[in-house]
Protein chains: 2
Amino acid sequence: MSLVFPMAVTSADKTFYQLRQDIVEGLIPAGSKLSETELSTKYAVSRAVIREAINRLTSCHIVERKANIGARVVELTPEGLIELYQVRESLEGMAARLAAKNMTELEIKDLMALLDTHFTTVESEKTYYQEAGDVDFHYRIIMGSKNTQLITLLTEGIYHLVRMYRVQLGMAGPRVTTAFAEHTNIAQAIQNRDEELAEMLMRRHILYSKNNIENKLLTPTDTTRKSL
Amino acid sequence: MSLVFPMAVTSADKTFYQLRQDIVEGLIPAGSKLSETELSTKYAVSRAVIREAINRLTSCHIVERKANIGARVVELTPEGLIELYQVRESLEGMAARLAAKNMTELEIKDLMALLDTHFTTVESEKTYYQEAGDVDFHYRIIMGSKNTQLITLLTEGIYHLVRMYRVQLGMAGPRVTTAFAEHTNIAQAIQNRDEELAEMLMRRHILYSKNNIENKLLTPTDTTRKSL
DNA sequence: ACTGATTACATTGTCGACAATATACGTCTT
DNA sequence: AAGACGTATATTGTCGACAATGTAATCAGT
């Protein structure tokens, strides 16, 4: 297990990561109740460990806990996803602004290199980019902001929720090529140290992405999509 | 104790609120170690309760915990405060934008009424406004956004940290009257449902506030200020 | 006297048991 | 038969004890 989650030192850590993964991947369905005793037998740890893991998931907004009643996995609603994207828009917009100011030349160079590999990947297999590449790009800019508050809020909080939506609603859309162009423009603005433009482009990028997802949620023609 | 924290039902709740207050108010100094056994005797609860409280404080970024070593209250640094204000700028900017869209007419009316009382208060005793009034104003706009993610991030996370800085660095500045004017303009923009302007004014308002605080931190002429 | 290892201590992590609370069921009353 | 009350059960909250880890002191060797 320590091979799977190298950063996890304590048992509660591992359980937290495992539980989060199982919820995000949909193995534990959205809205379902999290019984402490049940989970403690399932993951072969004490209830105290499970409780700590659940508490940490609560502060990520992945589960909701009520005193003396119990914890449930959050329900996935269109409104919830929109709220998430509004927060993303503001935070990642600021991240792009700060990245334009604080990223080192080397980091920017690496970012450009990443876009190059994406360019070739997009041409061959179109699915890859959406999955990992997009996350990679955003991740680097977030880290480039050098703002620890911003970084933890996004990477340890919001992103897992976003991924939960993505996975469970089966988002793998046709926005691949256009998103690539947007990424390129954002990277350019950062390279030019144009904070204002970097923020604006990032906000628009996320806004477009939100609109794209909203359309998909409201026009359920794809039968392969998992149900809400 | 339940009279002090009415929202706290469980013992861990009360301990969490009490501990947070004691840290924010500076009773437990910044950077100090949080011994579980020590705190459990001090607050007359079991170590499990203390652990849960500490974990919750960790996710608020008020304390930092290292596995097998322990938890410490965060250190207050100028850089940390700046990071906080950058996050505030982006999140509260978005909150103002959403408030301009989503606040009810009644809520806006109440907001205006609040500003009226502030106006009279500012003329008489100049200290009050900074303390509670400013928080009140921002709080209403945050709630007015109707975005639960945004609301919890700000009111349960960032705001307590900001207050910790404010209290412990003794911020009670001469920005009272100018801040009042800014508040008025923001409220006006919200009343006019001008999302763009509301966001912009809010961002500037927080930016000014940040600059004001930076100046104070870098020009330590006031001897009454508590030391870092 | 200084460095290294070893041992003793203190602190955190984990566990099973007990207490308190909420839910579900059955009974009694109208 | 429907509703209210009380009990029974299951689940969460809390606790003290034990295990594992980190830290500091002690001692040996050079």
Side-chain angles (χ1 to χ4, degrees), chain A residues 1-20 22-23 28-75, chain B residues 1-20 22-23 28-75:
Chain A
M1 204 188 210
S2 57
L3 283 167
V4 186
F5 302 115
M7 67 293 284
V9 289
T10 173
S11 176
D13 274 338
K14 298 172 197 163
T15 309
F16 164 67
Y17 289 120
Q18 185 68 53
L19 197 54
R20 183 176 67 183
D22 291 349
I23 290 173
I28 298 173
S32 63
K33 187 172 191 313
L34 294 177
S35 164
E36 293 181 0
T37 55
E38 190 183 326
L39 290 175
S40 80
T41 60
K42 183 177 175 182
Y43 291 95
V45 288
S46 81
R47 260 187 61 220
V49 172
I50 294 290
R51 276 179 72 82
E52 180 168 338
I54 288 180
N55 279 333
R56 284 167 72 176
L57 288 170
T58 305
S59 50
C60 302
H61 301 270
I62 289 179
V63 315
E64 289 171 346
R65 149 167 271 164
K66 285 178 186 169
N68 288 315
I69 292 180
R72 305 192 80 89
V73 179
V74 292
E75 211 75 60
Chain B
M1 203 186 211
S2 57
L3 282 168
V4 186
F5 303 115
M7 68 293 281
V9 288
T10 173
S11 176
D13 274 338
K14 298 172 196 163
T15 308
F16 164 67
Y17 289 120
Q18 186 68 54
L19 197 54
R20 183 176 67 182
D22 290 350
I23 291 174
I28 298 173
S32 63
K33 188 172 190 315
L34 294 177
S35 165
E36 293 181 0
T37 54
E38 189 183 326
L39 291 175
S40 80
T41 60
K42 183 177 175 183
Y43 291 95
V45 288
S46 82
R47 261 188 62 223
V49 171
I50 294 291
R51 276 179 72 81
E52 179 167 337
I54 288 180
N55 279 332
R56 284 167 72 176
L57 288 170
T58 305
S59 50
C60 303
H61 300 269
I62 289 178
V63 314
E64 289 171 345
R65 149 167 271 162
K66 284 178 186 170
N68 289 315
I69 292 181
R72 305 192 80 89
V73 180
V74 291
E75 210 77 58

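Note that the coordinates shown come from a computational prediction; the quantities given were computed from them, not determined experimentally. Just so we're on the same page: letters track the sequence lines, and every chain starts at 1.
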Handout entry: OP1 or OP2 of C:dT14 under 4.0 Å from side-chain N/O of A:S11
Key =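 The answer is yes; a side-chain N or O of A:S11 sits under 4.0 Å from OP1 or OP2.
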Practice task
Return no unless some side-chain N or O of B:S46 is found under 4.0 Å from OP1 or OP2 of D:dC15.
Solution key: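 Answer is yes, contact under 4.0 Å.
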[atom1] of [X] versus [atom2] of [N]: gap in Å, rounded?
| X | N | atom1 | atom2 | result |
| --- | --- | --- | --- | --- |
| A:E36 | C:dG16 | CD | C1' | 14 Å |
| A:E52 | D:dG13 | CD | P | 15 Å |
| B:I69 | D:dA20 | CD1 | P | 19 Å |
| B:R51 | D:dA17 | CZ | C1' | 15 Å |
| B:K66 | C:dG13 | NZ | P | 13 Å |
| B:R72 | C:dT12 | CZ | P | 11 Å |
| B:R56 | D:dG13 | CZ | C1' | 13 Å |
| B:Y43 | D:dC15 | OH | P | 15 Å |

Residue [X], side-chain atoms from C-beta onward, closest of [options]:
| X | options | result |
| --- | --- | --- |
| A:R65 | D:dT11, D:dG13, D:dT21 | D:dG13 |
| B:K33 | D:dG13, C:dT14, C:dT11 | C:dT11 |
| A:V45 | C:dG13, C:dC15, D:dT11 | C:dC15 |
| B:A48 | C:dG13, D:dC15, C:dA17 | D:dC15 |
| B:T37 | C:dT14, C:dT21, C:dT12 | C:dT12 |
| A:R47 | C:dG13, C:dT14, D:dT12 | D:dT12 |
| B:N68 | D:dT12, D:dG13, D:dG22 | D:dG22 |

Practice task
Take A:D22 and A:Y17, measure what side chain to side chain donor-acceptor pair (under 3.5 Å) needs, and give me the verdict at the end.
Solution key: CA-CA 9 Å; A:D22 291 349; A:Y17 289 120; over 6 Å; no
Practice task
Give a yes or no on whether a salt bridge exists between B:K33 and B:E38, defined as a side-chain N under 4.0 angstrom from a carboxylate O.
Solution key: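 Result for this pair is no, no salt bridge flagged.
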Handout entry: N-O pairing of B:E64 and B:R72 below 4.0 Å
Key =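 So B:E64 does not pair with B:R72 through a salt bridge.
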Practice task
Would you give the length of the straight line joining atom OG1 of B:T15 to atom CG of B:L39, rounded to the nearest 0.5 angstrom?
Solution key: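 That separation rounds to 10.0 Å.
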Exercise for the section: Go through A:N55 and A:R65 one step at a time and tell me if the side chain to side chain donor-acceptor pair (under 3.5 Å) criterion holds. Expected result: CA-CA 8 Å; A:N55 279 333; A:R65 149 167 271 164; 2.5 Å; yes
Handout entry: Upstream residue (5' side of DNA chain C) when B:A71 and A:V49 are each assigned their closest nucleotide
Key =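 Taking each residue's closest nucleotide, the earlier one in sequence belongs to B:A71.
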Exercise for the section: Describe the nucleic acid contact of A:I50 in one word from base, sugar-phosphate, nothing, applying a heavy-atom distance below 4.0 Å. Expected result: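 Since no nucleic acid heavy atom lies under 4.0 Å of A:I50, the category is nothing.
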Exercise for the section: With heavy atoms under 4.0 Å as the rule, sort B:I54 into base, sugar-phosphate or nothing. Expected result: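 The answer is nothing, as B:I54 stays clear of every strand by at least 4.0 Å.
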